[in-house]
Amino acid sequence: MFSSQKRLDKAYKEAKRISFNNSSKFILFSDCHRSDGSFADDFANNRNIYFHALNHYYKNGFHYIELGDGDELWENLFFKDIFEANKNVFLLLQKFYLDKRLNMIWGNHDMYFRNPKNVERSFSDFFDTNLGTKVSLMPGLKYYEGVVLVNEETKQELFLTHGHQADFMNYVGWKINQFLVRVLWKPLQIWGIKDPTSPAKNYVELIKVEERIKEWIINNGNKITITGHTHRPRFSTPDDGQANYFNDGSCVHPRSITGIEIEEGKIALIKWFIDTKDDGVLQIVKEYIHRPERLEDYK
């Protein structure tokens, strides 16, 4: 059986390569867990925040890269239920796709999309109730296990993947965990009982996953590596003496979403949330969890 290091090796070697330069702009989100709008839907509380943020990035020319677990396909049997509950989100993703500014990575909760036939079946078209017919959505969409951003001038690489390669039961044994979540933990989640199969809710397992990823980073020349999976935002600085490990967090934090921006040759960790003006009006705002650092300073 492959070790976590070999699984990460495989994801890196088979990753899609994308060239970038200092004028390129990327927003990285993961772990949206878009679901069906039921009481067990963790994404529902942050849907408006996410849509507002994504619309901002679309209007400002960013490329969107989703680092896995975009859709909750453990709790939900049918993708169409997720689509109907989040139709406005998928139509916005369609805009990125048509502009060739969309790249999708599969994680453990959407491992279903590892099969290209399942991707085509889910995203090629949808039934428009207003028109009474099927219309095109994102035909030809591809999902990857990893993406490598390659600087055109310096050849510096940024490796993007979900991170569940460092988690045996959520990569090799994912079907067992899927069964447990769908049958046992989804009903209990409604009553506030946490799912212990998720490293995001199991601190001991979370630390183990992070340490395995850091080990791979160090063994590969301290390559900048950005993951999701654990839901814990992480940011490395050029002078902290640690592995160049980043985590964009998730879109299912209580009342906020986190992500990573890459713009003007810099990388930053950001958060979008609902804030209140002095007059009581609610607004969605962005703040830096960690302000931009120059990518060229990471050795």
Side-chain angles (χ1 to χ4, degrees), residues 8-9 11-31 53-54 56-68 96 99-105 144-163 165-166 210-251 257-272 286-299:
L8 286 164
D9 280 341
Y12 168 72
K13 290 174 183 176
E14 297 179 358
K16 178 182 181 180
R17 263 64 183 174
I18 299 175
S19 297
F20 78 100
N21 54 43
N22 286 352
S23 66
S24 303
K25 297 191 284 188
F26 299 93
I27 174 63
L28 316 181
F29 284 135
S30 75
D31 299 273
L54 205 60
H56 163 84
Y57 290 119
Y58 177 74
K59 289 179 177 178
N60 286 277
F62 280 73
H63 286 70
Y64 178 60
I65 304 180
E66 193 165 272
L67 306 187
F96 280 93
D99 286 353
K100 295 181 170 49
R101 290 193 274 141
L102 177 70
N103 282 280
M104 306 292 270
I105 291 172
Y144 301 90
E145 186 172 359
V147 166
V148 175
L149 301 181
V150 184
N151 189 294
E152 293 174 354
E153 296 181 359
T154 67
K155 305 306 177 186
Q156 181 185 41
E157 293 185 346
L158 284 67
F159 175 40
L160 283 50
T161 193
H162 183 59
Q165 295 87 351
E210 288 187 352
E211 289 304 314
R212 292 173 194 138
I213 295 173
K214 290 177 183 178
E215 179 185 352
W216 185 88
I217 294 170
I218 296 300
N219 290 337
N220 286 270
N222 209 9
K223 190 185 303 295
I224 292 176
T225 300
I226 308 172
T227 72
H229 189 53
T230 66
H231 294 201
R232 182 164 84 143
R234 307 297 289 164
F235 192 93
S236 173
T237 59
D239 57 357
D240 63 9
Q242 303 295 315
N244 289 331
Y245 170 61
F246 298 78
N247 192 303
D248 64 0
S250 82
C251 294
I257 67 174
T258 59
I260 284 179
E261 290 180 356
I262 298 170
E263 184 180 11
E264 296 180 347
K266 298 177 181 179
I267 185 169
L269 181 62
I270 53 89
K271 176 173 77 170
W272 289 84
K286 184 189 83 171
E287 71 174 18
Y288 287 105
I289 300 175
H290 198 294
R291 291 196 167 273
E293 297 277 1
R294 294 194 310 170
L295 286 169
E296 65 183 31
D297 290 339
Y298 290 86
K299 307 300 182 183

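Position 1 is the first residue of the sequence; numbering continues from there.
- In this structure, the separation between CD1 on Ile267 and CZ on Arg294 is 14.5 Å, given to the nearest 0.5 Å.
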Could you go through the side-chain contact (heavy atoms from CB on, under 4.5 Å) check for Thr230 and Asn247 one step at a time? CA-CA 8 Å; Thr230 66; Asn247 192 303; 3.1 Å; yes
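- The two residues Ala15 and Val147 have their closest heavy-atom pair at CB-N, 3.7 Å.
- Nearest approach of Thr237 to His290, heavy atoms of both residues: CG2-NE2, 3.3 Å.
- Here the CD1 atom belonging to Ile218 is positioned 9.5 Å from the OG1 atom belonging to Thr225, to the nearest 0.5 angstrom.
- A donor-acceptor pair under 3.5 Å is formed between the side chain of Lys299 and the backbone N or O of Glu296.
- Minimum heavy-atom separation, Lys223 to Ile217: O-CG2, 3.3 Å.
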Between Glu264 and Asn22, is the side chain to side chain donor-acceptor pair (under 3.5 Å) condition met? List the steps. CA-CA 5 Å; Glu264 296 180 347; Asn22 286 352; over 6 Å; no
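- A salt bridge (Lys or Arg N to Asp or Glu O under 4.0 Å) check over residues 236-245, counting only residues at least two apart or in different chains, returns nothing.
- Checked by atom type and distance alone, the side chain of His162 pairs as donor or acceptor with a backbone atom of Leu67 at under 3.5 Å.
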If you apply the rule side-chain contact (heavy atoms from CB on, under 4.5 Å), what do you find for Ser236 with Tyr245, and how did you get there? CA-CA 6 Å; Ser236 173; Tyr245 170 61; 5.6 Å; no
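- Screening Val148, Val150, Ile262 for a side-chain contact (heavy atoms from CB on, under 4.5 Å) involving Leu158 leaves a single residue, Ile262.
- Judged by distance alone, the side chain of Lys25 and the main-chain N or O of His63 form no donor-acceptor pair under 3.5 Å.
- With hydrogens and angles disregarded, a donor-acceptor distance shorter than 3.5 Å links the side chain of Asn222 to the backbone of Asn244.
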List the steps and the verdict of side-chain contact (heavy atoms from CB on, under 4.5 Å) for Ile260 and Ile27. CA-CA 6 Å; Ile260 284 179; Ile27 174 63; over 6 Å; no
For Phe62 and Phe26, what are the C-alpha separation, side-chain angles and deciding distance, and is it a ring-ring contact (aromatic ring centres under 6.0 Å, His included)? CA-CA 5 Å; Phe62 280 73; Phe26 299 93; 8.6 Å; no
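- Residues Arg212 and Leu8 come closest through the heavy atom pair O-CD1, 4.4 Å.
- Between the side chain of Gln165 and the main chain of Gly163, a donor-acceptor pair closer than 3.5 Å is present.
- In this view, Phe246 and Phe235, Tyr298 satisfy the ring-ring contact (aromatic ring centres under 6.0 Å, His included) rule, not counting sequence neighbours.
- Here CZ of Arg101 is found 13.0 Å from OH of Tyr57. Values are rounded to the nearest 0.5 Å.
- Between the side chain of Asp31 and the backbone N or O of Gly228 there is no donor-acceptor pair closer than 3.5 Å.
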One pair to check against salt bridge (Lys or Arg N to Asp or Glu O under 4.0 Å): Glu261 and Lys286. What are the steps and the verdict? CA-CA 12 Å; Glu261 290 180 356; Lys286 184 189 83 171; 2.9 Å; yes
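- Side-chain atoms of Asp248 come within 3.5 Å of backbone atoms of Ser30 as a donor-acceptor pair (strictly under, hydrogens ignored).
- Looking at residues two or more places apart in sequence or on another chain, you find no side chain to side chain donor-acceptor pair (under 3.5 Å) involving Lys266.
- Residues satisfying the ring-ring contact (aromatic ring centres under 6.0 Å, His included) criterion with Phe159, sequence neighbours excluded, are Tyr12, Trp216.
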Stepwise, does the salt bridge (Lys or Arg N to Asp or Glu O under 4.0 Å) test hold for Arg232 with Glu210? CA-CA 10 Å; Arg232 182 164 84 143; Glu210 288 187 352; 2.6 Å; yes
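- Residue pairs meeting the salt bridge (Lys or Arg N to Asp or Glu O under 4.0 Å) criterion with at least one member in residues 14-24, sequence neighbours excluded, are Lys10-Glu14.
- Annotation: the span from Cys251 atom SG to His231 atom NE2 amounts to 9.5 Å, rounded to 0.5 Å.
- Every residue two or more places apart in sequence or in another chain that forms a side chain to side chain donor-acceptor pair (under 3.5 Å) with Thr258 is listed here: His253.
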Worked verdict on Ile289 versus Ile270 for side-chain contact (heavy atoms from CB on, under 4.5 Å): CA-CA 5 Å; Ile289 300 175; Ile270 53 89; over 6 Å; no
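- Atom OH of Tyr64 sits about 6.0 Å away from atom CG of Leu54, to the nearest 0.5 Å.
- Checked by atom type and distance alone, the side chain of Asn151 pairs as donor or acceptor with a backbone atom of Thr154 at under 3.5 Å.
- You'll find the side chain of Ile65 stays beyond 4.5 Å of the side chain of Leu102, heavy atoms only.
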